[in-house]
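Just so it is clear, the model here is predicted, and its values are computed rather than measured.
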Amino acid sequence: MKVLGIDTSNMPLGIALVDGDVVKGEFITNVKKDHSSRAMPAIELLLRRCDVAPKDLDLIVVAKGPGSYTGVRIGVTIAKTLAWSLGIPIAGVSSLEVLAANGRYFPGVIVPLFDARRGQIYTGLYRYEGGALRCLEEDRIVAADEWARRLSEREEDVLFIGADAPLYRDLFRSHLGERVHVAPSSLALPRPSELVMLGKQKERENAHVFVPNYLRLAEAEAKWLAKQKGEQNDGDQCSISANDHS
């Protein structure tokens with residue numbers, strides 16, 4: 001079974017092609033450039049170098065978030081379009097789960113994270129058990145200091161993984177002390193080949209019904225909804241006032 005993996009959910013761009021249990025090719029960059037103009041050329045290049053035509057693919061696996069709203073949307077849109085046009089299923093994997101997979105040989109718990117700004121992080125809690133990655137606490141967006149307090153209650157070593165993990169090293173150490181371990185930069189980027197391996201175990205979905213997991217609305221959308229709610233409340237107040245006068 002030939003599987004294409006796509007991850008544009010954060011700054012790294014990752015594409016992988018796996019045939020059975022063999023990683024045929026993998027493409028990763030970590031530069032601040034637009035995924036919308038780079039993802040498809042990367043896919044085409046990888047398939048061509050591996051002598052695989054799109055029609056040979058059996059499954060598309062995509063990192064479904066959380067992460068950058070625009071980044072998640074780009075990857076999911078490409079994955080859904082390819083799956084629909086080729087008539088093949090799609091599988092989604094948490095972007096945090098993909099990152100957590102880099103902690104395969106750590107004996108404690110694994111905390112993948114992405115910076116969500118304003119002191120918040122996208123994160124979750126994972127552990128390898130019997131060679132399989134298990135989710136202990138579901139992905140969430142949470143204040144970093146609150147998450148550090150919760151982790152301190154577990155009284156076990158914690159591996160923090162991600163390019164943004166060093167930003168919170170001091171905060172985590174203030175709560176967990178010597179139990180804090182930060183993965184080296186060589187393990188800080190999500191591997192698209194791991195994405196595929198995880199995705200092969202996930203439920204297949206139809207491209208038409210597949211949805212990403214943003215965890216929170218884009219800032220513009222959140223402001224729009226707040227404005228609509230405010231206008232609705234103002235309208236309700238006007239109605240109450242009109243009824244009081246009648």
Side-chain angles (χ1 to χ4, degrees), residues 7-12 14 30 32 63-73 92-191 194-195 198 202 211-223 225-226 229:
D7 186 354
T8 64
S9 56
N10 287 279
M11 190 164 76
N30 186 33
K32 206 167 185 177
K64 65 178 182 179
S68 157
Y69 180 84
T70 301
V72 171
R73 185 176 58 189
V93 180
S94 158
S95 301
L96 289 165
E97 184 178 359
V98 178
L99 190 54
N102 288 352
R104 183 180 304 276
Y105 301 108
F106 186 73
V109 292
I110 304 166
V111 175
L113 68 87
F114 306 127
D115 184 32
R117 296 185 299 178
R118 299 174 183 144
Q120 294 183 309
I121 54 175
Y122 294 113
T123 190
L125 191 65
Y126 295 80
R127 186 200 301 276
Y128 268 98
E129 296 182 352
L133 186 61
R134 177 186 167 205
C135 180
L136 303 179
E137 294 196 30
E138 65 182 13
D139 297 347
R140 66 198 63 200
I141 181 170
V142 63
D145 56 353
E146 178 186 339
W147 188 234
R149 286 194 296 270
R150 291 191 57 177
L151 292 172
S152 68
E153 297 170 0
R154 301 189 64 90
E155 298 185 352
E156 58 185 321
D157 284 4
V158 182
L159 176 66
F160 295 90
I161 298 185
D164 298 324
L167 299 175
Y168 296 93
R169 188 198 315 263
D170 292 342
L171 171 64
F172 292 137
R173 281 187 174 159
S174 69
H175 288 273
L176 288 86
E178 296 303 313
R179 287 178 285 141
V180 170
H181 304 268
V182 177
S185 58
S186 59
L187 297 176
L189 302 183
R191 293 287 301 274
E194 291 283 9
L195 165 68
L198 291 168
K202 303 294 185 181
V211 294
N213 178 23
Y214 294 116
L215 280 187
R216 74 175 177 188
L217 297 173
E219 187 172 357
E221 187 174 357
K223 288 180 178 179
L225 288 173
K229 185 176 180 180

query: What pairs of residues pass the ring-ring contact (aromatic ring centres under 6.0 Å, His included) test when at least one of them lies in residues 101-120, not counting sequence neighbours?
result: Phe106-His181
task: Specify the closest pair of heavy atoms between Pro66 and Leu96, including all atoms of both residues, with the distance to one decimal.
output: CG-CD1, 3.7 Å
message: If I take atom OG1 from residue Thr123 and atom CG from residue Asp164, how far apart are they, to the nearest 0.5 angstrom?
response: 11.0 Å
query: Does the side chain of Glu97 come within less than 4.5 Å of Glu194's, by heavy atoms?
result: no
Gap between atom CG of Leu159 and atom CZ of Arg179 - 0.5 Å precision: 14.5 Å
message: If I compare all heavy atoms of Leu195 with all of Ala63, which pair ends up nearest, and what's the gap?
response: CD1-N, 3.8 Å
message: Is any side-chain heavy atom of Tyr168 closer than 4.5 Å to one of Phe160?
response: no
- prompt: Can you name the closest pair of heavy atoms from Asn10 and Gly67 and give their distance?
  reply: OD1-CA, 3.5 Å
- request: Give a yes or no answer on whether the side chain of Arg140 reaches the backbone of Glu138 with a donor-acceptor pair at less than 3.5 Å.
  value: yes
task: Give the minimum heavy-atom separation between Val72 and Pro212, together with the two atoms involved.
output: CG1-CB, 3.6 Å
task: Tell me, yes or no, whether the heavy-atom count around Glu129 atom CD, taken from other residues, nucleotides or ligands under 6.0 Å, exceeds 12.
output: yes
- prompt: Any side-chain heavy atom of Ser95 within less than 4.5 Å of one from Pro190?
  reply: no
message: With a 4.5 Å cut-off on side-chain heavy atoms, are Tyr122 and Ser9 touching?
response: no
Beyond-backbone contact of Leu136 with Arg154, side-chain heavy atoms, under 4.5 angstrom: yes
- line: On a heavy-atom basis, the closest approach of Trp147 and Gly124 is CZ2-O, 3.7 Å
Spatial distance of atom CD (Glu153) from atom CG (Leu176) [nearest 0.5 Å]: 10.0 Å
field: Nearest-0.5 Å distance, CD of residue Gln120 to CG of residue Asp115
entry: 9.5 Å
message: Just verifying a value: how many Å separate Ile110 CD1 and Arg104 CZ, rounded to the nearest 0.5 Å?
response: 9.5 Å
Approximate separation, where rounding is to 0.5 Å, of Leu125 CG and Asp139 CG: 10.5 Å
- request: Heavy atoms only: give me the nearest Asn102-Ile161 pair and the separation to one decimal.
  value: C-CD1, 4.0 Å
Any side-chain heavy-atom pair of Phe172 and Val111 under 4.5 Å: no
message: Are the side chains of Asp7 and Val93 in contact, using a 4.5 Å heavy-atom criterion?
response: no
task: Kindly indicate whether the side chain of Lys202, heavy atoms from C-beta on, has any atom under 4.5 Å from the side chain of Lys64.
output: no
